[in-house]
Every structure is written in C-alpha cells, then in structure tokens.
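Values below: every heavy atom of this structure, side chains too, minus hydrogens, waters and symmetry copies.
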2 protein chains.
Amino acid sequence: MLTDELKKGSAEFLILSLLEAESRHGYELQKLIESRSDGVLTFNVASLYPLLYRMEERGWIVGRWVEKSGERRKRFYRLTPAGRTALDAQRESWKEFVTAINRVSGVRYA
Amino acid sequence: MLTDELKKGSAEFLILSLLEAESRHGYELQKLIESRSDGVLTFNVASLYPLLYRMEERGWIVGRWVEKSGERRKRFYRLTPAGRTALDAQRESWKEFVTAINRVSGVRYA
DNA sequence: CCACATATATTGGTGACCCACATATATGGC
DNA sequence: GCCATATATGTGGGTCACCAATATATGTGG
C-alpha cells in the first residue's frame, strides 16, 4: 500500500500538531492519531518513543515525568518555541508537498 | 525537512500517474516529476531504476527497449491493466491519507 | 576538445521503521 | 483468586528503501 510508505515521515508533523494545543504523553499521542484518523494512520510503539527522544534532542519538545499514586508514570511533552517554528515550517512543507503530488498525479478532490 | 521523508513512498504513485496518459522512459519520468512539481519533488536515479524494475516485476508496468540511430537506447514503460488497478487504489489511498493527516494536524487550505 | 545534457545502471552506506519482547499497574469478568 | 485486557513506557535486531558516488555511452554547443 502506498499509505504504508507515506506514513513514514508524517509522524513528526502529527505529533507537533497535536502538541500545539496542549501537552500530551506518548501513549496518548499514539491513540489520538489512530482515533482522529479513523484508523488510517497507525503508530508503532517502537517508532513512537525513539521519535519522541529525537524530537526532544532537537529541542522541539520538552518532556517531564508525572507520577500519580495508583497510576503508571507518564511523560508529558510540550512544544518549545523552536518546536512551534518547526511546526509552522512543516505545515507549509506539507501543503506544498500535497499540491505538488496532486499536480503531477492529476488528483482532484471532487 | 518533512518533505524529504514524505517523498519516500510517493514515487510509485507519481510514476503510475504519469504512465496513465502515455508510455515514457525512466529519465523522462524523473525530469517530468521534477519540472511539473516546480522542483518540490526530486528523484534520485539510484532510486528510479530499481523502482522501475520492482514495478515491472510486480506486473504493474512493462518496459521495451527502443533504439534509434544517433540516440542512446531508451526503455519505454507502459501501464498494464494490473498497473491501472493499482493506480486507482493508490489514488484512493492518497486522498484518504491526505484527509487523515489534515484532520489530525488541523491543516486547512485557506 | 571539453563541458554538459541525455540515458541507464550498480555498489555501498545510512537510517527509519517495525516485529517481538520486556516491564509495570489498574480494571473487569468469571 | 486469576487471567485477559487496557494503560504506559521501553529496546534489540532485522529489514528495506533511499541516496551519494561512481560508471558507461552518445549527442550538442562553445
């Protein structure tokens, strides 16, 4: 499937987008992406956590551990100013990319 | 850049789309994708030819060598019925994918 | 004669993604 | 009391695509 290949690379953009409104933890991000896309976009845990670390190293997001009694510890991530800048850039890239593919492939949204 | 990652996986779809109208050879496909996307979508030769072989093995396209005097030999590819079916499926996948990403990321085309 | 465009092709390295597995807690069903 | 399932985070190892670099070969323009 085309989608399988394309999903690669989109994950970062989705995470940045979801963190724009409020901070969230990894598992939550995974479930949100899956439910909000009606199952079209799925996310493997083995991709999720390494990706979050990479994004944190890059300074786009910052995580903090939250521990509540009677709950498993969670790591909540929030967007940094650099992350917001990256998000803006990726939004533009995304639009440009979609426009380009549509133009070359002749896709129209009837 | 987001685009760099996303370009992966879209190549097949673009090639199938371009071959729908008429048969073309590898180098031509590469140049067409680049020019029609205004340089947004670039294509590495080291990806192009192996990809064409894979698509031919899968039975989506068929190539034939064309040799003219005073010209380097070219391999023209045309779409097979199976390729056309695959193209239809990929068009749907593409639309579904774009819709899903837009919904999750909150992108709107103003 | 040499740089460049055309045209096809491969080797070798990098890097992302994912299967499978591991750990730990709370809840619901039987 | 026990077991499956949901929640939540994490990793080792294999696979696979992409790409930089390189190679071959011909026609054109300066």
Side-chain angles (χ1 to χ4, degrees), chain A residues 1-15 18-19 23-35 39-58 60-77 90 97, chain B residues 1-15 18-19 23-35 39-58 60-77 90 97:
Chain A
M1 277 266 272
L2 169 85
T3 319
D4 293 334
E5 291 302 312
L6 274 173
K7 274 192 297 198
K8 304 176 185 177
S10 57
E12 248 176 35
F13 176 42
L14 295 174
I15 288 173
L18 290 175
L19 292 181
S23 44
R24 299 183 187 277
H25 60 93
Y27 188 79
E28 196 184 359
L29 288 165
Q30 187 200 11
K31 292 296 169 192
L32 260 177
I33 289 171
E34 205 165 326
S35 64
V40 173
L41 276 8
T42 55
F43 214 115
N44 196 293
V45 276
S47 306
L48 175 68
Y49 294 104
L51 179 56
L52 288 170
Y53 306 149
R54 286 204 301 275
M55 291 173 73
E56 191 166 15
E57 266 172 48
R58 244 179 273 154
W60 290 359
I61 60 177
V62 173
R64 73 171 208 289
W65 284 109
V66 175
E67 308 212 31
K68 281 184 189 168
S69 61
E71 263 184 29
R72 186 132 169 43
R73 58 174 195 160
K74 300 174 190 170
R75 190 163 173 86
F76 281 84
Y77 290 95
Q90 293 210 359
F97 175 72
Chain B
M1 274 266 274
L2 170 86
T3 319
D4 294 333
E5 292 301 314
L6 274 173
K7 273 191 298 198
K8 303 178 187 176
S10 56
E12 249 177 35
F13 176 42
L14 295 174
I15 289 174
L18 289 175
L19 292 181
S23 44
R24 301 181 185 279
H25 59 92
Y27 188 79
E28 196 185 359
L29 287 165
Q30 186 198 13
K31 292 296 169 191
L32 260 177
I33 288 170
E34 204 164 328
S35 64
V40 174
L41 276 7
T42 55
F43 214 116
N44 196 293
V45 276
S47 307
L48 176 67
Y49 295 105
L51 178 55
L52 288 171
Y53 307 150
R54 285 203 301 274
M55 291 173 73
E56 190 166 15
E57 267 172 49
R58 244 179 272 154
W60 291 359
I61 60 176
V62 173
R64 73 172 207 287
W65 284 110
V66 174
E67 307 212 32
K68 282 186 189 167
S69 61
E71 262 183 31
R72 187 131 168 44
R73 59 174 195 160
K74 301 174 191 171
R75 192 164 172 83
F76 281 84
Y77 291 95
Q90 294 211 357
F97 175 73

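Using N1 to N3 plus N6-O4 or O6-N4 for Watson-Crick, or N1-O2 and O6-N3 for G-U wobble, each under 3.5 Å, C:dA26 pairs with D:dT5. Of the nucleotides present, C:dC1 is the one that pairs with D:dG30 by Watson-Crick or G-U wobble criteria, both distances under 3.5 Å. A 3.5 Å limit on both hydrogen-bonding distances identifies C:dG12 as the Watson-Crick or G-U partner of D:dC19.
Between A:Glu28 and A:Phe76, the closest side-chain pair of non-hydrogen atoms falls below 4.5 Å. Considering only heavy atoms from C-beta on, A:Leu32 stays 4.5 Å or farther from A:Leu14 through its side chain. With contacts defined as side-chain heavy-atom distances shorter than 4.5 Å, the pair B:Glu12/B:Trp60 qualifies.
Applying the 4.0 Å criterion to OP1 and OP2 of C:dA9, one finds that B:Tyr49 has every side-chain N and O outside that range. Phosphate contact (OP1/OP2 of C:dC17, side-chain N/O of A:Arg54, threshold under 4.0 Å): present. Within the structure, a side-chain polar atom (N or O) of B:Ser47 is placed less than 4.0 Å from OP1 or OP2 of D:dC19. Close to C:dT8, at under 4.0 Å from its OP1 or OP2, lies no side-chain N or O of B:Tyr27.
Nearest to the side-chain atoms of B:Ala46 among the listed nucleotides D:dG10, D:dA20, C:dT8 stands D:dA20. Comparing atom distances between the B:Lys31 side chain and each of D:dA8, C:dT6, C:dC19 picks out C:dT6 as nearest. Among the nucleotides C:dA9, D:dT26, D:dA8, the one closest to any side-chain atom of B:Tyr53 is C:dA9.
Nucleotide D:dT9 holds its C1' atom 15 Å from the CG atom of A:Leu51, rounded to whole Å. Following rounding to the nearest Å, B:Glu12 (CD) and D:dA17 (C1') show an atom-to-atom distance of 11 Å. At whole-Å resolution of the value, CG in A:Asn44 and P in D:dG14 are 17 Å apart. We find that CZ of A:Arg72 is positioned 12 Å from P of C:dT23, with the value rounded to whole Å. Going from atom NZ of A:Lys68 over to atom P of D:dT7 covers 16 Å, rounded to whole Å. Counting to the nearest Å, the P atom of D:dT7 and the CG atom of A:Leu29 are 14 Å from each other. The interatomic distance linking A:Glu34 (CD) with C:dC18 (P) rounds to 12 Å, in whole Å. For the pair A:Leu32 CG and D:dA6 P, the interatomic distance rounds to 17 Å; values are reported in whole Å.
Residue A:Phe43 is out of contact with every strand shown, counting any heavy-atom pair closer than 4.0 Å.
In terms of modelled atom types and a separation under 3.5 Å, the side chain of A:Glu56 and the main chain of A:Gly63 share a donor-acceptor contact.
Between A:Tyr53 and A:Tyr49, the ring-plane angle classifies as tilted under the 30° and 60° cut-offs.
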